[in-house]
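A quick write-up on the structure given underneath.
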Number of protein chains: 2
Amino acid sequence: MSAKAGGPDRHWMAEAVRLGGSVRGRTAPNPNVGCVIVSGGRIVGQGATAPGGRPHAEAVALEAAGEAARGATLYATLEPCAHPSDRGPTCAELIPEAGVTRVVIGLRDPDPRTAGEGIAMLRDAGIAIDVLDEPAARASMSGYLMRLTDGRPRITLKLALSIDGKIALPSGESRWITGEDARAHVHLERAHSDMILVGRGTYLADSPKLDVRLPGLEDWSPRRALLTRGEAVEGWEKLSSPQDVYRLHDVNDLLVEGGSATATAFLAADLVDRILIYRAPILVGEGRNSIGYIGLDLIADAHGRWRASDAAHLGIDRLEVYERVRSESGDEA
Amino acid sequence: MSAKAGGPDRHWMAEAVRLGGSVRGRTAPNPNVGCVIVSGGRIVGQGATAPGGRPHAEAVALEAAGEAARGATLYATLEPCAHPSDRGPTCAELIPEAGVTRVVIGLRDPDPRTAGEGIAMLRDAGIAIDVLDEPAARASMSGYLMRLTDGRPRITLKLALSIDGKIALPSGESRWITGEDARAHVHLERAHSDMILVGRGTYLADSPKLDVRLPGLEDWSPRRALLTRGEAVEGWEKLSSPQDVYRLHDVNDLLVEGGSATATAFLAADLVDRILIYRAPILVGEGRNSIGYIGLDLIADAHGRWRASDAAHLGIDRLEVYERVRSESGDEA
């Protein structure tokens with residue numbers, strides 16, 4: 001089992017990562033895995049975890065490949081499962097049965113029911129195995145991985161801001177800070193989230209539908225949650241505090257959409273892993289702040305917590321992505 | 001006289017633009033012109049307007065070229081001057097005398113003492129002329145051009161902001177929002193400004209030196225100005241209001257460094273042409289806003305005024321450049 005692999009392996013793994021990423025937000029509590037089966041230098045079968053988590057990506061890809069899987073190499077972003085389920089056979093059994101002779105794995109599965117067991121079963125069946133420990137595979141399943149390692153979803157905070165960091169005029173008027181391209185991107189982020197959360201103020205002011213309004217993705221609309229100490233609302237799950245995210249055992253990716261009090265509560269609790277800033281090229285001046293007091297008493301203490309990881313143009317607006325910097329142990333940096 | 005020119009002309013003009021841009025902030029009230037003289041496919045002389053505005057770029061380049069200017073092509077970012085001065089001969093006379101046979105001009109000079117007269121004098125002397133109307137040449141002298149067309153300097157507002165648009169904690173503590181690379185870039189912007197302005201609050205709180213602390217550029221420190229209705233301060237020029245910029249007849253480029261009240265006053269008066277945002281990857285939360293009320297009553301009215309024109313990484317920080325969008329007539333868009 002080598003930790004390194006050549007160019008072709010990286011190439012096919014990237015394809016598998018792309019497939020797995022495409023179903024993010026649809027598979028919880030299962031991981032969003034991608035799989036391609038390659039024979040003679042071309043893909044003979046591919047798949048991703050189906051909505052709801054079953055069938056698994058490997059089963060979908062093997063079904064598509066049929067007899068072509070004999071002697072082929074299977075690329076899976078995550079270690080194939082070793083735990084039997086009422087909803088299907090284990091992938092670690094299916095793969096040798098289909099005649100696959102080599103398996104390249106993006107990442108070991110931290111799920112204690114599989115962790116290393118899938119690899120052991122495959123090896124016992126005479127299959128050659130490579131584990132790439134691929135950062136792109138890790139990133140594509142970061143919600144699932146965080147749930148398993150930290151016991152809560154990966155939490156993304158979305159803010160639509162002016163250059164000067166405002167979310168609205170003093171009156172609350174905020175239509176529209178950002179343009180259509182940015183708003184379409186928000187809908188894509190929603191589609192890749194298992195749950196979206198807003199605060200009670202935003203719920204009452206905007207009664208947002210929080211659905212996905214993208215052609216072909218309408219039925220990808222995630223579960224909706226309200227952060228409130230008050231009454232629950234029909235059709236909405238209720239979180240009494242940000243810490244309630246530790247009760248969400250079936251959510252890999254949570255998108256926090258605001259408003260300011262909700263953003264502040266999650267940031268103050270250090271329960272934000274990623275920030276999406278949709279930045280419009282406008283100045284608001286006097287207006288509503290995006291966040292309030294988050295426990296900061298010195299500017300120096302604000303540094304080292306966030307890393308600008310990505311940026312993109314969205315029409316005249318700009319997307320800035322920041323990721324929380326944490327040490328390997330999971331503590332803050 | 002053609003409005004189009006081939007690849008080599010663009011290439012040499014780009015060199016001239018680079019030279020002219022390098023002395024921006026040192027030549028006011030004269031334009032910061034760049035000039036290269038090309039013969040046999042190589043540069044035989046080059047120059048930029050000297051500090052204080054004389055000698056002109058063409059004179060410097062001709063002096064460097066000497067006899068090599070005979071039969072050569074001269075590239076100047078601006079139409080050579082046609083008005084005699086106590087401080088030197090006109091460039092439109094010098095150029096034919098040196099034996100130059102062709103002149104490529106980046107931009108016509110709107111100065112009424114030259115406007116077209118320089119071109120006419122050169123043509124009368126038998127010189128072939130091309131005017132490129134080159135956007136890069138226009139951009140490199142935008143301060144000079146704005147002073148001639150609008151009667152005031154080009155005004156740049158600098159703000160060092162957190163992700164959420166704050167300039168300091170509620171206490172006023174702001175050391176440091178941005179890092180060393182960003183602060184070095186501010187010093188470069190200072191070096192390319194004829195004058196720097198701060199408000200009285202910033203003067204009293206920080207007593208900033210506003211000098212240029214870059215190796216080799218220490219003596220490029222620009223004139224300092226204070227926006228105040230109160231007493232003038234020794235060593236500082238005084239502006240009673242943003243509208244006083246129309247009295248600055250010898251300033252091409254003005255850099256407004258803050259604080260918040262000063263930024264707000266210039267923005268409310270629509271007297272900012274360019275904004276430099278030095279954005280640190282930090283969240284401040286409760287803190288001091290960068291700007292206050294600028295006359296905005298609807299978010300829709302905030303749109304169409306600013307265009308994101310450039311962006312760059314400066315260490316872990318990011319520079320965002322925004323330019324005011326104005327119609328051709330000079331009115332607001």
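The structure presented is a predicted model; accordingly, all values stated were derived computationally and were not measured. Note on naming: letters A, B, ... go to the chains in the order of the sequence lines (proteins, then strands), and numbering restarts at 1 for each one.
For B:Arg152, the salt bridge (Lys or Arg N to Asp or Glu O under 4.0 Å) partners are B:Asp273, not counting sequence neighbours. Among residues two or more places apart in sequence or in another chain, the side chain to side chain contact (heavy atoms under 4.5 Å, CB included) test is passed with B:Thr262 by B:Leu197, B:Leu227, B:Val256, B:Phe266.
Along residues 290-303 of chain A, the residues that come nearer than 4.5 angstrom to chain B, judged on non-hydrogen atoms, are A:Ser290, A:Ile291, A:Gly292, A:Tyr293, A:Ile294, A:Leu296, A:Asp297, A:Leu298, A:Ile299, A:Ala302, A:His303 in order of number. Of residues 171-178 of chain A, those residues with a non-hydrogen atom less than 4.5 Å from any non-hydrogen atom of chain B are, in numerical order, A:Glu173, A:Ser174, A:Arg175, A:Trp176, A:Ile177.
Here A:Leu283 is the residue among A:Val284, A:Leu283, A:Leu161, A:Ile167 with the most heavy-atom pairs under 4.5 Å with chain B. The residue among B:Gly165, B:Gly287, B:Gly285 with the most heavy atom pairs within less than 4.5 Å of chain A is B:Gly285. The most heavy-atom pairs under 4.5 Å with chain B, out of A:Leu159, A:Ile275, A:Leu169, come from A:Leu169.
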Apply side chain to side chain contact (heavy atoms under 4.5 Å, CB included) to the pair A:Asn289 and B:Lys166, showing each step before the final yes or no.
CA-CA 9 Å; A:Asn289 288 319; B:Lys166 300 298 176 183; 2.7 Å; yes

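Taking a 6.0 Å sphere around CD of A:Glu180, one finds it holds 12 or fewer heavy atoms contributed by other residues, nucleotides or ligands. Summarising the local packing, CZ of B:Arg138 is surrounded by 12 or fewer heavy atoms from other residues, nucleotides or ligands at distances under 6.0 Å.
The distance from the CZ atom of A:Arg279 to the CZ atom of B:Arg279 is 3.5 Å, given to the nearest 0.5 Å.
In this structure a side-chain-to-backbone donor-acceptor pair under 3.5 Å is missing from A:Arg318 to B:Ala308.
With a 4.5 angstrom heavy-atom cutoff, B:Asp164 touches chain A via backbone and side-chain atoms both.
In this structure, the side chains of A:Ile282 and B:Trp306 stay at 4.5 Å or more apart for every pair of heavy atoms.
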